[in-house]
Amino acid sequence: MWTFGKRIAVGFAISFVLLMGIGSAAYRSIEMLTKTSYSVAHTHQVLERIAGLLSQLKDAETGERGFIITGDEAYLEPYRDAIGSIPKLLQELRELTAGNPRQQKRVDAAEPLIQAKLAVLKRNIDAVRQAGGQEQAAKLVLSGEGKRYMDDLRTLTEQMEGEERELLNQRAEEVEAASGSARTTIVLGTLFCLVFISAAGFLLTRSLTNQIAGAVQHVQRSSTELQTAANQQTSGAKEQATAMSEITTTISELLATSRQIAESAQRVAQIAQQTVGAARSGEATVDQAHESIAGIRRQVDLVVSHMLDLGKKSQQIGAVLDIVSELAEQTNILAINATIEAAGAGESGKRFAVVANEIRELADRVAGSTKEIRVLIDDVRSAVNTTVMATETGSKAVDAGSQQFGEVAAAFKQIAGLVGATTEAAREIELSTKQQTSAVEQVNLATANVAQTTRETEVSSGQTLETVSQLASLSRDLLRLVRPQAAMS
C-alpha cells in the first residue's frame, strides 16, 4: 500500500540508478580513451625524437662530406646544428622512455654510438683542415668506420620504432575494445531504461487515475459539507462583527474616562508635590529661626554672665573706694596737724603750711570724688541688677519661644510627612491610572484587531463559500475527466 509519492520516488530512483550505471560505463570508457590518446601522443613523441635524432646525424654526416669535397666551411653549418641539437634530443628521448626499461637500455646503447659517430666526423673534418688533408679524409671516409656506427644506430632506432609501433597497435586494440563495450553498455542500458520507464509510467498512470478518482469523490463529499459549514460561518461572522462594534464603542468611552482620571491624578500629584516643597521650605525656615533663637539664648546667657562679673567688679571697686576714702580722711587729719605744726614753727613753717594746706585740699577733693564714684557705682549696681532681671525674663521668653518654635517645626515635619504620603498615594493613583489607561488602550487595540479580524473573517467566509462552490464544480469536472460514467451517475 505505497503512496503515489513513494511510487514515483522508487521509479525515479531505479531510473537514476540505471542512468548512473550507464553514465559510469561511458565515463570509464571515455577515461580509457583519454588515457590511450595520451599514450598514443606519447608514442608519437618518442617516434618523432628517434626520427629527429637520425635526421640530425644524417645532416651532420652530409655537412662533413660537403666540407671534405669542397673544403668550404659553409657546408659545416648542418654539422654544428646537429652537435647542438643531438644532446637535447637524447635527453628528451631518455625522459620519454623512462617507464620502459627496454627502451632505456637501447637509449643507453645508442648514446656511445652517437658519440663515436660524431668523433669520426670531427676527425675527418680536422683532417681536411690540415695541409693536403682531403685525400687523408677521403681515405678515412672510405674506411667505413662511420658507416658501421651509423648502421648500428639505425638498427637500434628501428628496434625502438618497432616496439613503439607495437604499443600503438596494442593501444588501438584497447581503444576498439573499450569503445565497443561502451557502445554495447549504452545501447542495452538505454533500451532497458526505455522499457522500464514505459512500464513504470503505465503503472503509475493507472494507479494515479484510481487514486485521483477516489480522492475527487471524497473532495466532492467534503466540499458539500464545507459549503454548509461556510454558510454557518458567514452568519456567525456577521453577528460577531456587530457585537465587536458595540464592544469597541464601549471600550472607547472607557478609555476616554480613564484618560480623564489619569489627568486628574497627575494634577493632584503635582499639587501635592508643590505642597511638599512649601512644607519643606517652611520647615527649613522654622529650623533657621530655631537656630537664631538658640543663638540669642546663648548671647543672653553671655550678657548675664558679663553683668554678674560687672557686679562683682563694682563691689571690688567699692572696697577700693572705702580704702581711698579712709586714706583721704587720714591725709586730711595729717594735713590739719601739719598746718598746726607749721603755724607753731613761725616763719620757717609757712612753706610747710602751704604744702599742708594743698594736701588737705587734695584730700578733700579725693573724698568728694570718692563719694561721687560711690554714687556712680551704686547706680551701676542698680542698672546691673535691673539688666540681670530683664535678661533673665528675656531668657525665659526666649526659652518659651524656642519651645514653641520646636513645636512648630515638629508640626511642619508632620505636615511634610503627611503631604509626602499624600504625594506617594497620588503618584500610585496616577501610575495605576496610567497602567489602567494603557491596559484599556491595549484592550481597545486588541478589540479593534479582533473587529478587523472579524470583518476579515466575514469577507473570508464569503470567499470560502465561493471557493467551496468552485471546488465542488471542479471536483465534478475532474471526476468527469477521470471516470465519465461515475460523474454521469
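Nearest heavy-atom pair, Glu111 versus Arg94, reported as atom, atom and distance to 0.1 Å: OE1-NH2, 2.6 Å. The minimum heavy-atom distance linking Pro87 with Ala82 is given by the pair CD-O, 4.5 Å. The two residues Thr190 and Ile22 have their closest heavy-atom pair at N-CD1, 3.6 Å. Nearest heavy-atom pair, Leu93 versus Thr97, reported as atom, atom and distance to 0.1 Å: O-OG1, 2.8 Å.
Taking the charged nitrogens against the carboxylate oxygens, Glu73 and Arg80 do have a contact shorter than 4.0 Å, which makes a salt bridge.
Within a 6.0 Å sphere centred on CD of Glu326, heavy atoms belonging to other residues, nucleotides or ligands number 12 at most.
Note: Met20 CE to Leu18 CG = 11.5 Å, rounded to the nearest 0.5 Å. In this structure, CG in Leu362 is found 8.0 Å from OG1 in Thr331, a value given to the nearest 0.5 Å. In this structure, Ser85 OG and Glu92 CD are separated by 9.5 Å, a value rounded to the nearest 0.5 Å. With rounding to the nearest 0.5 Å, the separation of CD1 in Ile86 from CG in Asp81 is 10.5 Å.
Shown here are the side-chain contact (heavy atoms from CB on, under 4.5 Å) partners of Ile336, two or more places apart in sequence or in another chain: Asn332, Ile340, Arg360. Residues that satisfy the side-chain contact (heavy atoms from CB on, under 4.5 Å) test with Ile83, not counting sequence neighbours, are Tyr79.
The side-chain heavy atoms of Asn100 and Val46, taken from C-beta on, include no pair separated by under 4.5 Å.
In this structure a side-chain-to-backbone donor-acceptor pair under 3.5 Å is missing from Ser382 to Asp378.
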